[in-house]
Amino acid sequence: MPATLRTLLDDRSFPLRVLSRRDDEALDRPLSWVHSSDLLDPTPYLEAGNLLLTNGAQFSADPDAADAVAYCRRLRAHGVAGLGFATDIIHDRVPEAVVRAGEAADLPIVEISDRAPFIRIIRFVADIIAADGAARLSWLLDAQRQVARAAVRDDGLREILATLSLLLDAWVELYDAVGGRLSSPGLRAAPAEVEAEVGRDVRRLLERRTAASLVVPSAGHALVQTIGQSGRLRGVLAVGGPEPLDPAGRDLVASVVALASIALEQQRSVQSALRGVRAGVIDLLLDGQGDTARRVAESALGGLPVEPYLVGVVRGAGARPGLLDELDLVSSDPSRLFSAERDDDVVVLAADGAASALAALAERRGLSVGTARHDTGDDLAEALRRAAHAARDAGVGALRAYDELAGRGLVGALRDHGGEVLARSLLQPLDALPAVERGRLRDSARVWLDANGAWDPAARSLGIHRHTLRARIAQLEQVLGIDLSSFAARAELWAALELED
């Protein structure tokens, strides 16, 4: 137990008496040390939590109330826990102005009578502080042994975090190298009202890419500490509870961080090997060896999504720092979401309902993701090509489905990629004609092309003679400088007219 004013007052060997009215909690403030001074401003020589002892030489028998108030406020603002005022030496009693000033500043005023030696009080508190330090050291050593024993159990990482939570009576959160919160069943999680604040500071620490720690006052003085070396951070550990951690608690967290760093490094090595296996499974599927691929995936990885599923392509995923770690986190259930590196991209096989996780990832990380449906018996290579095409069409932070592109047709794809600019260039010579003549040629060309170049049906639809239609098409060829006797030229003109609308 720490030394407090209450501890001193409860020891009847000291002639102490509290004079000021105060909140009982003020007597339970931990004392960091005891110091004596008769200076009017002793704060340069004090630390927060100190108990100050004085003979009152700095005060007259009837001190000015303003001076007493300023004195007590300075002490309390500096974090002084209380003022012990000795009587029967300079003052027969503690000046009333000092007592009232202590009450106003929430600074307990304690009378020390009978010329009680200050050194006895100092030694008494020092002994308690030393005993408390020894007890905390003993607790720390025992706690570290418990954490070490937890580390060798199955799922050692989860066990050491659960042990830490129990020993500190605190919530514990583990974040990966990209700031994603790692769930651990049975582990006491941070309250919802502080998790967002802690998450922001976690991401801020990771962005610095250097080993560091900080305390989040707005989250109950939670301690947030990186795991791993500068430039090779493996994650972040956050710990919080009803009270800020004391030095022994912080030392225990440091021990857990060291063990967690080893565990995460081991997991990373395993994950790197598994990435190679996943890439091999995709190669087997593309080679048509589906049965072999599924057996490998089932035994080494936990399975594959069942057809039908979506084939996804995440463009440029390999060049994004930490993205592969996040994909490992998102695809922790391979029967729902299976991912594998392929060149600079990542291929994803997503079961029904899992596409939302891909869309959220694309938005959060600014990725371009394309998907294509793969049904039983379909060629996976073709689905992969379609997904890659959709990914190239997807905007930054967006997911594009190939079905959307196919639904728009070739003209829609041309329009999305600036085809109308080429269409205007092809048809621009018509702008030199009068508006009526220009419209007549366009309408005639459309009807003729819709009739597959058949003159009589097209002429009847227009209500003109077929020779008149021939003359109009010939004029159009001359103005545009094209030969519409070939299918390619007709297709180009048809596309330009469609894109012009």
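Other residues, nucleotides and ligands contribute over 12 non-hydrogen atoms within 6.0 Å of the CG atom of Asp431. Counting heavy-atom neighbours within 6.0 Å of Arg73 CZ, excluding the residue itself, gives a total of 12 or less. Environment of CD in Glu437: crowded, with over 12 heavy atoms of neighbouring residues, nucleotides or ligands closer than 6.0 Å. Atom CD of Glu382 has more than 12 neighbouring heavy atoms from other residues, nucleotides or ligands inside a 6.0 Å radius. Atom CD of Glu363 is surrounded by 12 or fewer heavy atoms from other residues, nucleotides or ligands within 6.0 Å.
Taking OG of Ser335 as the reference point, atom CG of Leu349 lies at 12.0 Å (rounded to 0.5 Å). One finds the CD1 atom of Ile282 at 11.5 Å from the CG atom of Asp287 (value rounded to the nearest 0.5 Å). Separating the CZ atom in Arg6 from the CD atom in Glu25 is a distance of 10.0 Å, to the nearest 0.5 Å. Taken to the nearest 0.5 Å, the OG atom of Ser485 stands 12.5 Å off from the CD1 atom of Ile473. In this structure, Leu252 CG and Arg136 CZ are separated by 9.0 Å, a value rounded to the nearest 0.5 Å. Note that NE2 of His374 is 7.0 Å distant from CG of Asp379, once rounded to the nearest 0.5 Å.
Scanning both residues, Ser165 and Arg188, for their nearest heavy atoms gives OG-CB, 3.7 Å. Taking both residues in full, the closest heavy atoms of Arg29 and Pro108 are given as NH1-CD, 3.8 Å, listed atom of the first, atom of the second, then distance. The shortest non-hydrogen separation linking Val311 to Ala387 is O-CB, 3.4 Å. Nearest heavy atom pair, residue Val239 against residue Ala170, reads CG1-CB, 3.9 Å. Between Ser368 and Ala394 the shortest heavy-atom distance is OG-O, 3.6 Å. Minimum heavy-atom separation, Trp171 to Ala189: CB-O, 3.4 Å.
Residues Gln144 and Ser255 have side chains that bring a donor and an acceptor to within less than 3.5 angstrom of each other.
Evaluation of the side-chain contact (heavy atoms from CB on, under 4.5 Å) rule for Ile129 yields Ala3, Trp33, Val125 as partners, not counting sequence neighbours. The side-chain contact (heavy atoms from CB on, under 4.5 Å) search around Arg200 returns Ala196, Glu197, Arg203, not counting sequence neighbours. By the salt bridge (charged side-chain N to carboxylate O under 4.0 Å, His left out) test, Arg490 is found to be paired with no residue, residues two or more places apart in sequence or in another chain being considered.
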* To do: Starting from the C-alpha separation in whole Å, work towards a yes-or-no answer on side-chain contact (heavy atoms from CB on, under 4.5 Å) for Arg204 and Leu214.
  => CA-CA 11 Å; Arg204 195 173 72 193; Leu214 57 83; 3.6 Å; yes
* **Steps toward salt bridge (charged side-chain N to carboxylate O under 4.0 Å, His left out) verdict (Arg386, Asp403)** => CA-CA 9 Å; Arg386 292 177 177 181; Asp403 287 348; over 6 Å; no
* Asked: Could you go step by step and tell me if Gln146 and Leu167 meet the side-chain contact (heavy atoms from CB on, under 4.5 Å) rule?
  -> CA-CA 9 Å; Gln146 292 186 54; Leu167 290 169; 3.7 Å; yes
* To do: Evaluate the side-chain contact (heavy atoms from CB on, under 4.5 Å) criterion for residues Val253 and Leu168: first the C-alpha distance (whole Å), next the side-chain angles of each, then the deciding distance (0.1 Å), finally the verdict.
  => CA-CA 9 Å; Val253 171; Leu168 296 179; 4.0 Å; yes
* To do: Carefully, step by step, assess Thr4 and Leu27 under the rule side-chain contact (heavy atoms from CB on, under 4.5 Å).
  => CA-CA 6 Å; Thr4 64; Leu27 299 182; over 6 Å; no
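A perpendicular orientation is assigned to the rings of His389 and Tyr402, their planes being inclined by more than 60° (bins at 30° and 60°).
Using a 4.5 Å cut-off on side-chain heavy atoms (C-beta onward), Leu301 and Phe338 make contact. Within the 4.5 Å cutoff, no side-chain heavy atoms of Leu31 are placed close to those of Thr7. Taking the side chain as every heavy atom from C-beta outward, Arg373 and Pro308 approach each other to under 4.5 Å. Contact of the Val256 side chain with the Leu161 side chain is registered, since non-hydrogen atoms from C-beta on lie closer than 4.5 Å. Under the 4.5 Å side-chain criterion, counting only non-hydrogen atoms from C-beta, Leu384 is in contact with Arg342. Side-chain contact between Asp201 and Val236 is absent, with no heavy atoms from C-beta onward closer than 4.5 Å. Residues Leu476 and Trp448 are not in side-chain contact: their nearest non-hydrogen atoms beyond the backbone lie 4.5 Å or more apart. Side-chain contact between Leu493 and Leu427 is present, with heavy atoms from C-beta onward closer than 4.5 Å.
When atom types are taken as modelled, the side chain of Glu477 and the backbone of Leu484 share a donor-acceptor pair closer than 3.5 angstrom. Put simply, the side chain of Ser230 gets close to the backbone of Ala211: a donor and an acceptor are under 3.5 Å apart. Put simply, the side chain of Thr163 never gets that close to the backbone of Val147: no donor and acceptor are under 3.5 Å apart. Counting only distance, with no hydrogens or angles, the side chain of Arg278 and the backbone of Ser339 share a donor-acceptor pair below 3.5 Å. Arg400 places no side-chain N or O within donor-acceptor distance of the main-chain N or O of Ala390, the cut-off being under 3.5 Å.
Between Leu441 and the choices Leu430, Leu480, Val436, the side chain to side chain contact (heavy atoms under 4.5 Å, CB included) rule is met once, by Leu430.
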